[in-house]
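Here's the structure, in structure tokens; my notes come after.
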Amino acid sequence: KNKRKHKGPRHMAFAIYRRDFTTVDDRRHFECFALSADRCWAYAMQLKSEYESEDDRKRYRVIRKFGKAAYWADQLMKLCLERGTKKSALQADGYRSLMQGNFNMEREDWDLAMDSFIYARIVFEALSKAGDPHERDICKRKAEEIDPSIRYCYYNFKMDQDEKAQVNLSAKDIIRLVEAKKKTEKTLVANLNDVVEATKKALASKLYHISWRGRDIPVHNPKTREFLLTANPLLDQISHKTNNTELKQKLALFNKLFLAYNKTLQSIKSDIQRQSEATQEEQAVIKILHAYVSYLKTSQLIERDLAIVDSLVANYNGEVSSTENKRKRKIAASDLGILFDRLLDNLNNLENLPGIDENETITNDITTKQKKFSALRTFYLGKHFEDNHSYSTALQFYAKAESLLEKTYTTYKKLSMNPKELSSVQADIKRAKMNCLADKIIFDKMGESAVAEKGKIKSNFVKTSVSAKIFDFPPSLSQVVC
């Protein structure tokens, strides 16, 4: 603090306390400089709208006010360089250039004014690619507002050189001027790139915007951001639960995840109800965000059902341990058919979401899954009829499942996908079809008890070693009388 003694009107001594930039410790000091610059600029604009072109006294007053606005903006930049962040210093630098451009334009110094405006446009255009949606919108609007000033200064600059010149500066010409300026301001461009990258990394964890279908979607509502951020760690935990023994824990995590998605959708629906006050662009963003969260939820519903299917198929095929099998009820084939019905419903819901048909990769994935799940659903319906001794009906379902699987094979080859995962399904269908045909013959000839006896023999045979045999084949040779 620097003390300087002054004498007042009655010769009373008082001290002026001057504070330099190094001692600033409150954000209000930054606001003081910014408000001072804005106040001088606003007053200058008011005077400019009031005075007539012949009134030189008011014109000089306007110039002085613009000069004061440029001075306070310059002080703000120096303060940000000393006590602010790198990003705030660049924001203040762009603001200072804008105020300096206004000052030089009013003085009719067209060359300097245009140079200042182009510099400010470079800064605001770069900052419009970083920050939260509100900051990005402000910087984007500010960069667009500078273009008419650049055109005006360029026109007057050329007219001063040649009064007969016809100058019309297009948007492409402005971009050309900006690119030329960037080549001379390499340090500025490097600093802007560093700030943009650092800001993107910092904001990634705050989820101010999401990327989907090749576009960035801003998330303005803080509640929506909070619920989406709650869902992200749950997805990571679910991805680590790969063992069927952890199914209960996995299903509990899925329930928490769906609760977070439901809250997110409810928050977005509240925004949709208030759309009467929003612009068309904001309405489109809210609808896309709703489709995005619906897509996430439906995709995870499919993943949840597939995890349940894997567990139930293992139970149905008797692949669980005896202790686990005692605790679980025997799964019927109809239960698996119902699950595949639910999977197909979720895939249809996914397909009907707005904008999904524009993404060829997602559409192809949905199509292949629909055909595969249809074949599996038909297969387990056939198993259901076979278990209830309706062998003729079961054979019809197996034939239908084979037909559907052939269509799935065709789709896989058409989309250049590997059909290897369908081989096991095809083998299961063929095995079940032959077994069902054998059971039908036994049932028709010998009755239900013979089928049950055949099931016991098959079960005992499976439990024995791999080298077990029902009879020797081919039979051993023996001598016969000719």
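Both backbone and side-chain heavy atoms feed into the values below; hydrogens, waters and symmetry mates do not.
For Y412, the ring pair (Phe, Tyr, Trp, His ring centres under 6.0 Å) criterion is met by no residue, not counting sequence neighbours. Residues passing the side-chain hydrogen bond (donor to acceptor under 3.5 Å, both in side chains) test with E145: none are found, sequence neighbours excluded. Qualifying side-chain hydrogen bond (donor to acceptor under 3.5 Å, both in side chains) partners for K181, counting only residues two or more places apart in sequence or in other chains: D115. By the side-chain hydrogen bond (donor to acceptor under 3.5 Å, both in side chains) test, Q237 pairs with no residue at all, sequence neighbours left out. Remark: R304 pairs with no residue by the side-chain hydrogen bond (donor to acceptor under 3.5 Å, both in side chains) rule, at least two apart or across chains. With sequence neighbours excluded, no residue forms a ring pair (Phe, Tyr, Trp, His ring centres under 6.0 Å) with F227. Residues satisfying the side-chain contact (heavy atoms from CB on, under 4.5 Å) criterion with S116, sequence neighbours excluded, are Q100, N104. A search for ring pair (Phe, Tyr, Trp, His ring centres under 6.0 Å) contacts involving F379 returns Y398, not counting sequence neighbours. Checked against ring pair (Phe, Tyr, Trp, His ring centres under 6.0 Å), Y292 has the following partners two or more places apart in sequence or in another chain: W212.
With hydrogens and angles left out, the side-chain atoms of T411 and K371 include a donor and acceptor closer than 3.5 Å. A side-chain N or O of Y95 and one of D38 form a donor-acceptor pair less than 3.5 Å apart.
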- Item | Test log, rule side-chain contact (heavy atoms from CB on, under 4.5 Å), inputs N435 and R431 | CA-CA 6 Å; N435 186 68; R431 191 183 303 114; 5.7 Å; no
- Check step by step if side-chain contact (heavy atoms from CB on, under 4.5 Å) holds for L257 and L235. CA-CA 8 Å; L257 181 66; L235 286 170; 3.7 Å; yes
- Message: Could you go through Y380 and V313, starting from their C-alpha distance and side-chain angles, then the distance that decides it, and tell me whether this counts as side-chain contact (heavy atoms from CB on, under 4.5 Å)?
- Response: CA-CA 10 Å; Y380 282 107; V313 167; 3.5 Å; yes
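Rounding to the nearest 0.5 Å gives a distance of 10.0 Å between CG of L177 and CZ of R121. Within the model, atoms CZ of R377 and NZ of K400 stand 10.5 Å from one another, a figure rounded to the nearest 0.5 Å.
Applying the salt bridge (Lys or Arg N to Asp or Glu O under 4.0 Å) rule to pairs touching residues 91-100 yields D93-R96, sequence neighbours excluded. Residue pairs satisfying the side-chain hydrogen bond (donor to acceptor under 3.5 Å, both in side chains) criterion with at least one member in residues 255-264, sequence neighbours excluded, are listed as follows: N262-K297. Residue pairs meeting the salt bridge (Lys or Arg N to Asp or Glu O under 4.0 Å) criterion with at least one partner in residues 342-356, sequence neighbours excluded, are D305-R342.
D147 has no carboxylate O lying under 4.0 Å from a charged side-chain N of R151, or vice versa, which leaves the two without a salt bridge.
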